[in-house]
Amino acid sequence: MNKSLLYTIIMLLVTTVLMTACHSNEQNYREAYEKAVERRKTGIGAETYAKIEAERQRYTHVINGDSVRMVYVNANLALDSTIVVKPFNIVVASFAQRINAQSYRDRLRQECGFPSYVLYGGPDKQYFVILQGFDDKESAAAMLRDLDKKVSMKILEPLPWILRKT
């Protein structure tokens, strides 16, 4: 048998093995995420965790007859230095990593045409993706009420809320 033919066959076998080896997939990432969420809950009971989540999503203000969640947060502009931050901001996502917030902000700008930006701060040091900012809480509440009609993308925050910049 010719040596070059033997080398070719060996290389094909090695390539085939490498191509069919185990790779990360969406299911692996999902399982890792679920394990991380469970680890975060460790040390507190299910009832306590449910109370924490209920308080985190509690409606805090009534504006023009609508109950909205408005949280006062000390946050600063994270990425865009040319944007003027308004006092009332609609939060549609929050991330621990800057790159994720930037990517989601860019998608909101490109796909939906909103003047989105990212604020950084709060007690957990999060990156808050702002759909749009407003000068008054009434306008922000009106936008929040009709958000599902105006935004075609999936909103990552379970209940979008108003961030009142302090």
Side-chain angles (χ1 to χ4, degrees), residues 23-44 49-166:
H23 295 287
S24 295
N25 59 27
E26 185 177 345
Q27 183 179 1
N28 293 349
Y29 286 117
R30 169 65 60 193
E31 289 172 4
Y33 173 76
E34 289 171 357
K35 286 179 185 177
V37 168
E38 287 301 318
R39 258 188 267 127
R40 188 173 65 188
K41 294 180 187 177
T42 303
I44 60 173
Y49 184 77
K51 287 180 182 178
I52 291 170
E53 283 299 304
E55 181 63 27
R56 190 176 72 81
Q57 297 180 1
R58 179 175 68 89
Y59 294 116
T60 56
H61 288 74
V62 176
I63 302 171
N64 294 334
D66 290 331
S67 295
V68 297
R69 181 170 169 248
M70 183 165 37
V71 179
Y72 292 82
V73 177
N74 184 14
N76 297 314
L77 196 58
L79 301 171
D80 303 308
S81 61
T82 59
I83 292 178
V84 177
V85 178
K86 306 284 182 155
F88 299 94
N89 302 279
I90 296 179
V91 177
V92 292
S94 60
F95 297 96
Q97 294 182 347
R98 179 180 176 170
I99 189 73
N100 294 338
Q102 182 178 0
S103 174
Y104 193 74
R105 178 211 58 191
D106 292 345
R107 285 187 57 212
L108 283 170
R109 286 179 177 175
Q110 293 170 357
E111 294 178 24
C112 300
F114 285 100
S116 301
Y117 50 93
V118 177
L119 296 178
Y120 177 76
D124 297 334
K125 300 298 181 198
Q126 290 282 313
Y127 290 94
F128 301 105
V129 180
I130 307 302
L131 179 73
Q132 188 171 354
F134 297 92
D135 290 319
D136 58 276
K137 61 185 177 185
E138 290 80 12
S139 300
M143 177 66 164
L144 197 59
R145 179 180 52 235
D146 297 329
L147 203 57
D148 56 341
K149 296 174 188 168
K150 296 180 179 178
V151 179
S152 59
M153 282 178 46
K154 179 182 178 188
I155 296 178
L156 300 181
E157 196 70 22
L159 293 172
W161 50 282
I162 299 173
L163 182 148
R164 172 67 166 106
K165 189 171 173 345
T166 58

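The structure presented is a predicted model; accordingly, all values stated were derived computationally and were not measured.
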Going by the rule side chain to side chain donor-acceptor pair (under 3.5 Å), which residues pair with [X] if we only count those two or more places apart in sequence or in a different chain?
X    : answer
R107 : E111
S103 : none
E31  : Q27

What distance do [X] atom [atom1] and [Y] atom [atom2] have between them, rounded to the nearest 0.5 Å?
X    : Y    : atom1 : atom2 : value
M153 : Q110 : CE    : CD    : 10.0 Å
L163 : M70  : CG    : CE    : 10.5 Å
Q102 : F95  : CD    : CZ    : 11.5 Å

On a heavy-atom basis, which atom in [X] and which in [Y] lie closest, and how many Å separate them?
X    : Y    : answer
L119 : A75  : CB-CB, 3.9 Å
Y120 : A78  : CB-CB, 3.8 Å
V68  : A141 : CG1-CB, 4.2 Å
A93  : L156 : CB-CB, 3.9 Å
L108 : S116 : CB-OG, 3.4 Å

Does [X] have any side chain to side chain contact (heavy atoms under 4.5 Å, CB included) partners at least two apart in sequence or in another chain, and if so, which?
X    : value
N74  : T166
P87  : D135, R164
E34  : R30
L147 : I90, V92, L131, M143, L144, V151, I155, P160

With [X], which residues qualify under ring-ring contact (aromatic ring centres under 6.0 Å, His included), at least two apart?
X    : value
F88  : none
Y117 : none
Y72  : none

4.5 Å side-chain heavy-atom contact, [X] and [Y]:
X    : Y    : result
V118 : F128 : no
V129 : V91  : no
K165 : N89  : yes

Fill in: Contact list for residues 137-148, test side-chain hydrogen bond (donor to acceptor under 3.5 Å, both in side chains), sequence neighbours left out
D66-R145, D136-S139

Response to the item:
Quick note, side-chain hydrogen bond (donor to acceptor under 3.5 Å, both in side chains) partners involving residues 122-131, not counting sequence neighbours, are none

